[in-house]
Number of protein chains: 2
Amino acid sequence: MGIIERKEREKEEMRRLILDAALRLFREKGLDAVSIRNIAESIEYSPATIYLYYKDKSEILSALQYEAAAVKRDHVMPAAAIENPWERLVEFGRRYVDFGMKHPDLYDLLFITRAPMEFIENQQCWPLGMAVHSFFTETVQACVDQRYFKSTDTETIAYTLWCHAHGLVSLFVRERMRMYPEEKRQELAQKSFTMIVKMAESI
Amino acid sequence: MGIIERKEREKEEMRRLILDAALRLFREKGLDAVSIRNIAESIEYSPATIYLYYKDKSEILSALQYEAAAVKRDHVMPAAAIENPWERLVEFGRRYVDFGMKHPDLYDLLFITRAPMEFIENQQCWPLGMAVHSFFTETVQACVDQRYFKSTDTETIAYTLWCHAHGLVSLFVRERMRMYPEEKRQELAQKSFTMIVKMAESI
DNA sequence: AAATATACTGAACAGTGTTTATTTTTGCAA
DNA sequence: TTGCAAAAATAAACACTGTTCAGTATATTT
């Protein structure tokens, strides 16, 4: 009875085909270009066929978020190799911001877009993001344990640092830095990162 | 020749009528409910009529942004009454965050939504937002002048504080705090605000 | 009252997500 | 191999969206 297994495989291949098309459209022309009809056309199927493999558009965007979360994890996790917790934390932060700057579209999908939020929780995406987040808080905890901060409120420290990093990236991503000349924005972000690191040393 | 003046007035009234309808729809049912057809129906005109008073939807959203900017200014500017620059800065920050928490829809429109961004620059909205932003940076400058910080890099200090505040609000507004139980989120934001104030004291 | 200018609208175009009835393809037993 | 059932794919429709344009109705001027 290899047939049902083959069918299963084909079904999975089709889901992959759809997702890859969606991903390509997203990366080439932005989120707005990811329409059911666009996807269908690009894989040469009818729009209705998409619905045999994904419940609705939200489910596709959710899958895209998973892809983005994986890219982010790969971008960020090399910091885990650093033994000293403070240096690890700083490197993690640097990589987090760097990810946002290099992949504004992916960052947007992960941390700004409202689109497929009904989903995010019970998808694979959520645990993946959580794992990275846990790594982050554990690193902060390690810093706390080794008295790198005066404060021992790990949760608030972690959240405060995250706020800054997210604010930094999302002001950039959603173009709310118009008051600064374009060529200065990157530099300012750089300086601000250095400053928050300095500030963190005296929490 | 009072007629052309009356016409002018009527034109302005119509623009106001459209904008108020858009604003009502936005506040009652969210940004998605603000469609040209919805606006038209709610003021009992045909959709095409809207285009005689606003170039396109983007121009309407831009006008909505202006309304939001005005509300924000009124929410935030009472801080200007405080003489001591450091206290003024803290109060400004508190009010900024409070505005975001109390009016997530307006905050979204001002600092997150991408929708009518082609416009924002040459609209009335922009100078209004800039005035508040200038007040902010001037307050930071006053703190620098009076040696409240070790650093004298006003621009980076201001930007860093803004990043934190914006990150704080926008993680909340776009619901990226799911890892914290709902009843704790406000409290965590509160604690983080206190922490960044503390941190700022030692920049 | 006739001509002109202004205000308004119905209908259409090209999109969107989604559903349903229908057709085509596939798999298997007689 | 044929006939039939199950599975897969689709055409067409529904209800939306922003926007444009030709044509109608109203108001103003001559």
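A note on names: the letters A, B, ... follow the listed sequences, proteins ahead of strands, and every chain is numbered from 1. No hydrogens, no waters, no symmetry mates; every other heavy atom, side chains included, goes into these values.
- OP1 and OP2 of C:dC8 both lie 4.0 Å or more from every side-chain N or O belonging to B:T49.
- Rounding to whole angstrom units, CD of residue A:E13 and P of D:dA8 are separated by 13 Å.
- Between A:E41 and A:R37, none of the side-chain N atoms (NZ, or NE/NH1/NH2) sits under 4.0 Å from a carboxylate O, so this pair counts as no salt bridge.
- Salt-bridge annotation for B:K191 and A:E155: absent, with no side-chain N of the basic residue lying under 4.0 Å from a carboxylate O of the acidic one.
- At the heavy-atom level, B:Y53 lies under 4.0 Å from the strands shown only through sugar-phosphate atoms.
- What separates NZ of B:K55 from P of D:dT19 is a distance of 8 Å, to the nearest Å.
- Considering A:R24, A:R27, A:R16, A:K72 in turn, A:R16 is the only one that fulfils the salt bridge (charged side-chain N to carboxylate O under 4.0 Å, His left out) rule with A:E67.
- Comparing C:dT18, D:dT20, D:dT10 by their nearest atom to the side chain of B:A48 picks out D:dT20.
- Summarising the geometry, the separation between CD1 on A:I39 and P on C:dT18 is reported as 11 Å, rounded to the nearest angstrom.
- Nucleic acid contact for A:S35: sugar-phosphate only, since backbone atoms but no base atoms lie under 4.0 Å from a heavy atom of the residue.
- Taken from CD1 in A:I50 to CZ in A:R15, the straight-line distance is 11.5 Å, to the nearest 0.5 Å.
- Taken from CG in B:L89 to CG in B:N84, the straight-line distance is 10.0 Å, to the nearest 0.5 Å.
- For the atom pair A:D105 CG and A:T113 OG1, the distance stands at 9.5 Å (nearest 0.5 Å).
- Between A:L31 atom CG and C:dT16 atom P the separation is 13 Å, expressed in whole Å.
- No contact: B:D32 has no heavy atom under 4.0 Å from any strand.
- Protein atom CD of A:E10 is 20 Å distant from nucleotide atom P of D:dA6, rounded to whole Å.
- Protein atom CD1 of A:I18 is 13 Å distant from nucleotide atom P of D:dA8, rounded to whole Å.
- As rounded to whole Å, 15 Å separates atom P of C:dG15 from atom NZ of A:K57.
- To the nearest angstrom, C1' of C:dA12 lies 14 Å from OH of B:Y51.
- The side chain of A:S46 contributes no N or O atom lying less than 4.0 Å from OP1 or OP2 of D:dA9.
- Looking at which nucleotide of DNA chain D each of A:Y45 and B:P47 is closest to, the 5′-most match is held by A:Y45.
- Between C:dT16 and A:N38, a contact under 4.0 Å exists linking OP1 or OP2 to a side-chain N or O.
- With hydrogens and angles ignored, no donor-acceptor pair under 3.5 angstrom links the side chain of A:R37 to the base of C:dG15.
- For the helix from C:dA1-D:dT30 to C:dA30-D:dT1, the end axes, each set by the C1' atoms of five terminal pairs, are bent relative to each other by 40° (nearest 10°).
- Listed for the B:R88 side chain is no donor-acceptor partner under 3.5 Å among the backbone atoms of B:A80.
- Side-chain proximity of A:L52 to D:dA9, C:dT9, D:dT19: nearest is D:dA9.
- Using modelled atom types, one finds no donor on one side chain facing an acceptor on the other under 3.5 Å when comparing B:Y159 with B:D153.
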